[in-house]
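Everything numeric in this text was worked out from a predicted model, so none of it was measured.
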Amino acid sequence: MDALLTDFTSGYYEEAGIYIKEYIDEIHAKLKEDKDFFLFLYGDPSEAFSSYLSPDLLSKYSQLFDDAEKAVAKKPEILARVKVARLGVDIAELEASRKNINDRYRLLIPNEEGKKIINPLVTTLLDNFKAISAKNNITLMNEMGFTVTEYLANYMSALEVIRMPNVAMGKKVFTITKPKKYAKEDPLALTDGALGGSSFYANWLGYEGNDMEVVVDLGEPMNISTISLAFLQVTNHIVFFPEKVTYSGSLDNQHFENFGTINNPFPLTKESKVNDIQFFKLDFDKRNAQYIKVQAKNTNTPYWHHAAGLPSWLFADEIIIN
């Protein structure tokens with residue numbers, strides 16, 4: 001098998017083959033070493049950031065592809081093949097940056113004046129991914145119909161969100177209803193600054209068959225006028241947007257004033273997008289509050305769905321308060 005793989009990489013990628021073969025060998029070696037890691041069919045890069053897609057290994061893979069591109073820089077056809085082979089690493093690096101897993105992989109970095117700016121690595125990765133996908137007619141991110149265009153639009157939204165002022169960042173969160181399985185069932189996933197992607201494995205707090213009710217403690221009374229929370233939809237996995245989301249505030253964590261309710265602008269139908277993300281944002285007249293309650297009503301699995309009768313999931317991401 002090793003000889004066959006060497007024959008293919010050296011034949012298809014020519015001088016770049018030695019680097020791509022090393023990249024493949026590194027992945028195989030790590031997976032063989034990590035016996036507890038399950039390589040899931042519908043997996044997401046975020047599942048492997050502590051395994052074969054660790055920050056150190058991602059940096060190594062990226063360097064190997066840099067070397068591979070240099071090796072065939074004067075051969076446009078072969079270089080194009082290398083760039084397509086690199087797309088998987090590019091996506092993994094983008095998702096690592098979305099989760100802010102270390103100083104290299106994060107969405108924002110400080111400039112010389114200390115001001116937060118978009119990480120140039122992220123900008124380069126997005127530009128390359130867009131150009132290479134378009135050139136090679138790559139239109140889908142997964143078998144659920146999530147398109148490259150939607151992925152790029154979603155990522156740009158994430159960049160807008162992460163740049164918003166957010167007094168909830170790093171604040172304590174208490175969950176009244178119980179989350180299940182994902183994001184280690186830790187409600188602090190809502191205020192940790194790590195944004196979820198198109199898969200529910202990526203930093204989404206999940207609730208199965210029950211509504212979501214959490215309280216964010218801002219630490220002290222603050223004047224606020226905007227609350228926003230992202231929700232995920234993956235209809236074939238019984239993950240739906242909430243029917244509605246209600247935001248309220250309190251100074252004593254006992255008596256809450258209703259700030260308003262956002263109804264789902266895209267109610268579930270047979271024609272709903274299989275894979276999508278929506279922000280439930282509420283703007284209101286300035287209020288003074290320390291405790292912010294979020295109540296999201298789960299959407300019941302409809303009779304026409306292939307999983308009718310089973311409990312549905314609700315997945316929420318970063319809460320933005322300003």
Is it true that [X] and [Y] have a side-chain N and a carboxylate O under 4.0 angstrom from each other?
X: Glu185; Y: Lys180; result: no
X: Asp90; Y: Lys130; result: no
X: Glu14; Y: Arg81; result: no
X: Lys21; Y: Asp25; result: yes
X: Arg86; Y: Glu69; result: yes

Would you check, one step at a time, whether the test side-chain hydrogen bond (donor to acceptor under 3.5 Å, both in side chains) holds for Tyr207 with Thr175? CA-CA 11 Å; Tyr207 294 80; Thr175 184; 3.0 Å; yes
Would you tell me whether Ser51 and Asp34 have side-chain atoms, one donor and one acceptor, within less than 3.5 Å of each other?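 Yes, Asp34 and Ser51 have a side-chain donor paired with an acceptor closer than 3.5 Å.
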Asp217 and Gln290 side chains, donor-acceptor separation under 3.5 Å: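 Their side chains do contain a donor-acceptor pair, which is all the 3.5 Å distance test asks for.
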Please tell me if the side chains of [X] and [Y] come closer than 4.5 Å, counting only heavy atoms from C-beta onward.
X: Leu87; Y: Ile132; value: yes
X: Leu190; Y: Leu229; value: yes
X: Lys184; Y: Leu205; value: no
X: Phe315; Y: Asp317; value: no
X: Tyr155; Y: Glu95; value: yes
X: Arg287; Y: Asn223; value: no
X: Phe280; Y: Ile227; value: no
X: Thr147; Y: Thr139; value: no

Would you compute the distance between atom [atom1] of [X] and atom [atom2] of [Y] and round it to the nearest 0.5 angstrom?
X: Leu188; Y: Lys172; atom1: CG; atom2: NZ; result: 9.5 Å
X: Glu26; Y: Leu31; atom1: CD; atom2: CG; result: 11.5 Å
X: Ile292; Y: Met222; atom1: CD1; atom2: CE; result: 10.0 Å
X: Lys244; Y: Asn298; atom1: NZ; atom2: CG; result: 13.0 Å

Check Val215, Val214, Asp211 against Ile176 for a side chain to side chain contact (heavy atoms under 4.5 Å, CB included) and give me the one that passes.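 Result for side chain to side chain contact (heavy atoms under 4.5 Å, CB included) with Ile176: Val215.
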Checking [X] side chain against [Y] main chain: does a donor-acceptor pair fall under 3.5 Å?
X: Ser54; Y: Ser50; value: no
X: Asn111; Y: Gly114; value: yes
X: Thr124; Y: Pro120; value: yes
X: Thr191; Y: Lys171; value: yes
X: Asn258; Y: Ser248; value: no
X: Gln233; Y: Lys273; value: yes
X: Asn275; Y: Gly145; value: no

Within a 6.0 Å radius of atom CD1 on Ile18, are there more than 12 heavy atoms belonging to other residues, nucleotides or ligands?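 No - once you tally the heavy atoms of other residues, nucleotides and ligands closer than 6.0 Å, there are 12 at most.
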Set out, in order, the CA-CA distance, both residues' side-chain angles and the distance that settles side-chain hydrogen bond (donor to acceptor under 3.5 Å, both in side chains) for Gln63 and Asp67, then state yes or no. CA-CA 6 Å; Gln63 184 58 57; Asp67 294 339; 3.0 Å; yes
Are Thr226 and Asn322 close enough, and set up right, to give a side-chain hydrogen bond (donor to acceptor under 3.5 Å, both in side chains), and what steps lead you there? CA-CA 5 Å; Thr226 299; Asn322 188 37; 5.7 Å; no
For residues [X] and [Y], report the shortest heavy-atom separation together with the two atoms involved.
X: Met164; Y: Ile320; answer: SD-CG2, 4.0 Å
X: Ala92; Y: Pro45; answer: CA-CB, 4.1 Å
X: Phe241; Y: Phe266; answer: CD1-O, 4.5 Å
X: Ile20; Y: Ala85; answer: CD1-CB, 4.5 Å
X: Pro311; Y: Thr301; answer: C-OG1, 4.0 Å

Between Asn203 and Lys99, is the side-chain hydrogen bond (donor to acceptor under 3.5 Å, both in side chains) condition met? List the steps. CA-CA 8 Å; Asn203 215 67; Lys99 286 181 68 70; 3.1 Å; yes
Could you check whether [Y] and [X] have their ring centres less than 6.0 Å apart?
X: Phe231; Y: Trp204; value: no
X: Tyr291; Y: His255; value: no
X: Tyr23; Y: Phe65; value: yes

